[in-house]
Amino acid sequence: MPIKGFKSLCDRHAACIVSKDKGNPQYHRGNNRTRAYVTHYQVDGVIIRTGNRCDYLLLNEDAGNAYLIELKGSDLVKAAEQLEETEKILGLELSGYRVHYRIVANKCKTQEIRSSAYRKYQIRWRDRLIQKTGFIEETI
């Protein structure tokens, strides 16, 4: 169900939905091959104006999937915290959806990816988390 009071950034059956911040190279591209009903929102500064929050929310309304997307320079632990806090704040709006986490970093050091602080999120979220450097392109 679309987020009440906010306009989707994409067309209802958009074939490709791109989450990208101006001036930053990293992006997330969701390919909507089945032309499902999708909605896309900027969370940071629009839906949630203060505190920890991720950058974008992409909803596949037909499949019941919600993608919380964080475009980050390099701080993976901070990115994970932002995703988790966004899910808590939007809990009612996301009930009924399978929530997936996406972190697109500009650069990541191996020691950060393997840090115990970040590993706890990887273990807890298992297959719901995808983290890559540069971009993520996936079928939604």
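Below, all heavy atoms of this structure are taken into account, side chains as well, without hydrogens, waters or symmetry copies. Bear in mind that the values here come from a model prediction, so they are computed numbers and not experimental data.
In this structure, Asp55 contributes its side chain and Asp44 its backbone to no donor-acceptor pair below 3.5 Å. A donor-acceptor contact shorter than 3.5 Å is absent between the side chain of Lys78 and the backbone of Gln82.
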Task: Test side chain to side chain contact (heavy atoms under 4.5 Å, CB included) applied to Asn60 and Leu58, step by step - done: CA-CA 7 Å; Asn60 182 325; Leu58 174 57; over 6 Å; no
Open item on the list: If you apply the rule side chain to side chain contact (heavy atoms under 4.5 Å, CB included), what do you find for Phe6 with Gln42, and how did you get there?
Closed with: CA-CA 9 Å; Phe6 298 96; Gln42 183 175 347; over 6 Å; no
TODO: Would you check, one step at a time, whether the test side chain to side chain donor-acceptor pair (under 3.5 Å) holds for Glu137 with Tyr27?
DONE: CA-CA 8 Å; Glu137 187 166 339; Tyr27 65 91; 4.8 Å; no
TODO: I would like to know whether Leu76 and Ile103 meet side chain to side chain contact (heavy atoms under 4.5 Å, CB included); could you show each step before the answer?
DONE: CA-CA 8 Å; Leu76 297 178; Ile103 299 172; 3.8 Å; yes
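Looking at heavy atoms from C-beta onward, Val99 lies in side-chain contact with Leu68 at the 4.5 angstrom threshold. Residues Ile69 and Leu71 are in side-chain contact: their nearest non-hydrogen atoms beyond the backbone lie under 4.5 Å apart. Using a 4.5 Å heavy-atom threshold, the side chains of Thr34 and Asp62 count as separate. Tyr56 is listed as a side-chain neighbour of Leu9, based on a closest heavy-atom distance under 4.5 Å. Side-chain contact between His28 and Phe135 is absent, with no heavy-atom pair separated by less than 4.5 Å. Arg128 is not listed as a side-chain neighbour of Arg126, based on a closest heavy-atom distance of 4.5 Å or more. For the pair Tyr41/Leu90, no side-chain contact is recorded, criterion being any heavy-atom separation below 4.5 Å from C-beta on. Within the 4.5 Å cutoff, the side chain of Glu61 has heavy atoms near those of the Tyr97 side chain.
Atom SG of Cys16 is separated from atom CZ of Arg33 by 9.5 Å, given to the nearest 0.5 angstrom. Going from atom CG of Asn52 over to atom CD of Glu70 covers 9.0 Å, rounded to the nearest 0.5 Å. Between the CZ atom of Arg35 and the CG atom of Asp11 there is a distance of 9.5 Å, given to the nearest 0.5 Å. With values rounded to the nearest 0.5 angstrom, His40 atom NE2 is found 8.0 Å from Leu57 atom CG. To the nearest 0.5 Å, atoms CD (Gln131) and CG (Leu83) are separated by 11.0 Å. Here the CG-OG distance, from Leu59 to Ser8, works out to 8.5 Å after rounding to the nearest 0.5 Å.
Within 6.0 Å of the CG atom in Leu92, the count of heavy atoms belonging to other residues, nucleotides or ligands does not exceed 12.
Trp125 and Ile140 end up in different hydrophobic clusters when Ile, Leu, Val, Met, Phe, Trp and Tyr side chains are linked at under 4.5 Å. In the hydrophobic cluster analysis, where Ile, Leu, Val, Met, Phe, Trp and Tyr join through side-chain heavy atoms closer than 4.5 angstrom, Val46 is grouped apart from Tyr67.
Residues Glu84 and Arg124 are paired through a salt bridge, judged by an N-O separation under 4.0 Å between the basic side chain and the carboxylate.
Heavy atoms only, all atoms of each residue included: Pro25 and Asn106 are closest at CG-OD1, 3.5 Å. A pairwise comparison of heavy atoms in Arg53 and Ile48 identifies NE-O, 3.4 Å as the closest pair. For the pair His100 and Arg98, the tightest heavy-atom approach, listed with the atom from each and the gap, is CD2-O, 3.3 Å.
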